[in-house]
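Residues: numbered from 1 along the sequence shown. A quick note: this is a predicted structure, and the numbers were derived from the prediction, not measured. Order of listing sets the numbers, starting from 1, for every ligand and every atom in it.
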Amino acid sequence: MGLVDLGAGLIRQLPAEAAHRATLKLLRAVNPLLLSAVPDDPRLHVNAFGLNFPNPVGLAAGFDKNAQVPDAMAKFGFGFVECGTVTPKPQAGNPRPRLFRLGRDGAVINRMGFNNDGSAVAARNLRARKRRGIVGINIGANKDSTGADRISDYAWCFAELAPLADYVTVNVSSPNTPGLRGLQNRDELTKLLGIMTNARAQLFDTTPQAHGMRKPILLKIAPDLDSHAMDEIADVVRASGIEGLIVSNTTIGRPPLRSRHADEAGGLSGKPLLEPSTRVLAEMHQRLNGAITLIGVGGVASGADAYAKIRAGASLVQLYTALAFHGPGLVTRIKRELVACLQRDGFSSLSEAVGKR
Ligand SMILES: Cc1cc2nc3c(=O)[nH]c(=O)nc-3n(C[C@H](O)[C@H](O)[C@H](O)COP(=O)(O)O)c2cc1C
């Protein structure tokens, strides 16, 4: 057992938010250059949004809100790391406790509320990076912004952070900022994505050289959508010129749960989210029919879970909650199991399996 695994084991004994803080501290202390990164099986390589992903397993947003440790996380074998959610101004988030482990359910409930140090700090951290792995930045609005200000928050973060990341995720699906998910409605979403693509044109379409640095825009949606809402999102996304869709954020639904904290308010993630988020992913794949690249998130804790998302239409997957239960060795296990799934079903690359139900 290495030092990091030992640290991860001890950290799992702490209350949830203290464990997270201790993990970040440990990771900041570890020189990412010293962590080993084993080259990925070529069958796992994915080309999406014009980026070459060494493998399809990404770290989901929320773990590294201030972009402090993307390089260390990449060294644990993630094919890409999404930092954030970042808002323009720093904000403390909701009062504690706001993060609950549901051990018997393999789940977490959180109502963090976009606690982060603001876009200037995230920008400074991204500028200080020593190594290049694929890093996305997930952006949102401050809690005290409403109406037009809320949309300006996204434009502000885009302008400040897009030049420093490989892709930008527009997060309209956190259940912990009141009213945020209303941005998934047709009119609001059309306006928001229009402003995002305009902001991108202003930044990157000025000269041929700048155009080469143009960043893909992804939208992250909730799993709590009926079929009308999914139709609307698919229409808007198709017309918008953005490149990707992340399905999904945490759920406000409460499937039957067995743990003590099951009734806490907030977004539920982990094992109970696997089935509903994969269902919405498959629905969006059907509606978008390959027009947009999909990333599947929600409850991934094994190669079989990741493979289910890929067969449902995801080109890439992300996870967060399972990391808290299984530790960083999970990433290597998922990749090994994914290769076994591909081999078993006669696919010579992961991309061949995308959407094959
Ligand atoms: C503690 C915690 C904080 C999160 N914070 C964010 C966030 O800031 N932005 C975001 O887009 N998603 C956030 N998420 C959602 C995750 O990125 C992911 O979409 C969700 O947890 C489902 O994946 P999982 O079941 O693998 O955790 C958070 C999740 C957790 C558990």
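Among protein heavy atoms, the minimum distance from atom 15 (C) of ligand 1 is reached at Asn249 OD1, 3.4 Å. Atom 20 (C) of ligand 1 has Thr250 CG2, 3.9 Å as its closest protein atom, hydrogens excluded (heavy atom only). Counting only heavy atoms of the protein, atom 31 (C) of ligand 1 lies nearest to Ser269 OG, 3.5 Å. Distance from atom 8 (O) of ligand 1 to its nearest protein heavy atom, with residue and atom name: Lys65 NZ, 2.9 Å. Among all protein heavy atoms, the one lying closest to atom 27 (O) of ligand 1 is Thr321 OG1, 2.6 Å. For atom 26 (O) of ligand 1, the closest non-hydrogen atom on the protein side is Tyr320 N, 3.0 Å. Nearest protein heavy-atom contact of atom 4 (C) of ligand 1 is Gly62 CA, 3.6 Å.
Here is the list of ligand 1 atoms found below 4.0 Å of a heavy atom in Asn138: 10 (C), 11 (O). Using a 4.0 Å cut-off to heavy atoms of Ser248, the atoms of ligand 1 that qualify are 19 (O). Atoms of ligand 1 found under 4.0 Å from any heavy atom of Gly270, numbered from 1 in the order shown, are 25 (O). The atoms of ligand 1 that sit less than 4.0 Å from any heavy atom of Gly299 are 24 (P), 25 (O), 26 (O). Listed by number with element, the atoms of ligand 1 under 4.0 angstrom from any heavy atom of Leu99 are 1 (C). Close approach of ligand 1 to Asn171 is summarised as follows: ligand atoms under 4.0 Å from at least one heavy atom of the residue are 9 (N), 10 (C), 11 (O). Here is the list of ligand 1 atoms found below 4.0 Å of a heavy atom in Leu273: 22 (C). Near Thr85, meaning under 4.0 Å from any of its heavy atoms, are these atoms of ligand 1: 7 (C), 8 (O), 9 (N), 10 (C), 11 (O).
The heavy-atom pair separating Ala159 from Leu203 by the smallest distance is CA-CD1, 3.9 Å. Of all heavy-atom pairs spanning Pro88 and Trp156, the tightest one is CB-CD1, 3.6 Å.
Side-chain contact check for Pro223 versus Leu273: some heavy-atom pair is nearer than 4.5 Å. Between Phe63 and Thr23 there is a side-chain heavy-atom pair separated by less than 4.5 Å. Side-chain atoms of Lys143 and Phe114, non-hydrogen and from C-beta on, never get closer than 4.5 Å to each other. Side-chain contact between Val297 and Leu319 is absent, with no heavy-atom pair separated by less than 4.5 Å.
Under the 4.5 angstrom side-chain criterion for Ile, Leu, Val, Met, Phe, Trp and Tyr, Ile252 has no cluster partners at all. Phe100 belongs to a hydrophobic cluster with Leu102, Ile109, Leu257, Leu268, counting contacts under 4.5 Å between side-chain heavy atoms of Ile, Leu, Val, Met, Phe, Trp and Tyr, direct or through other members.
For the pairing with Lys89, the side-chain hydrogen bond (donor to acceptor under 3.5 Å, both in side chains) check across Asp153, Asp144, Asn142 returns one residue only, Asp144.
Between Ala61, Pro223, Ala16, it is Ala61 that holds the heavy atom closest to atom 16 (C) of ligand 1. In this comparison of Gln318, Glu17, Lys220, the heavy atom closest to atom 19 (O) of ligand 1 sits on Lys220.
The pair Lys65-Asp117 does not count as a salt bridge, with every side-chain nitrogen at least 4.0 angstrom from each carboxylate oxygen. Look at Asp105 and Lys271 and you find no salt bridge, because none of the NZ, NE, NH1 or NH2 atoms lies under 4.0 Å from a carboxylate O.
Taking the six-membered ring where tryptophan is involved, the planes of Tyr320 and His20 are tilted, since the angle between them lies from 30° to 60°.
At a heavy-atom cutoff of 4.0 Å, ligand 1 is contacted by no atom of His20, backbone or side chain.
Using a 4.0 angstrom heavy-atom cutoff, Gly298 counts as in contact with ligand 1.
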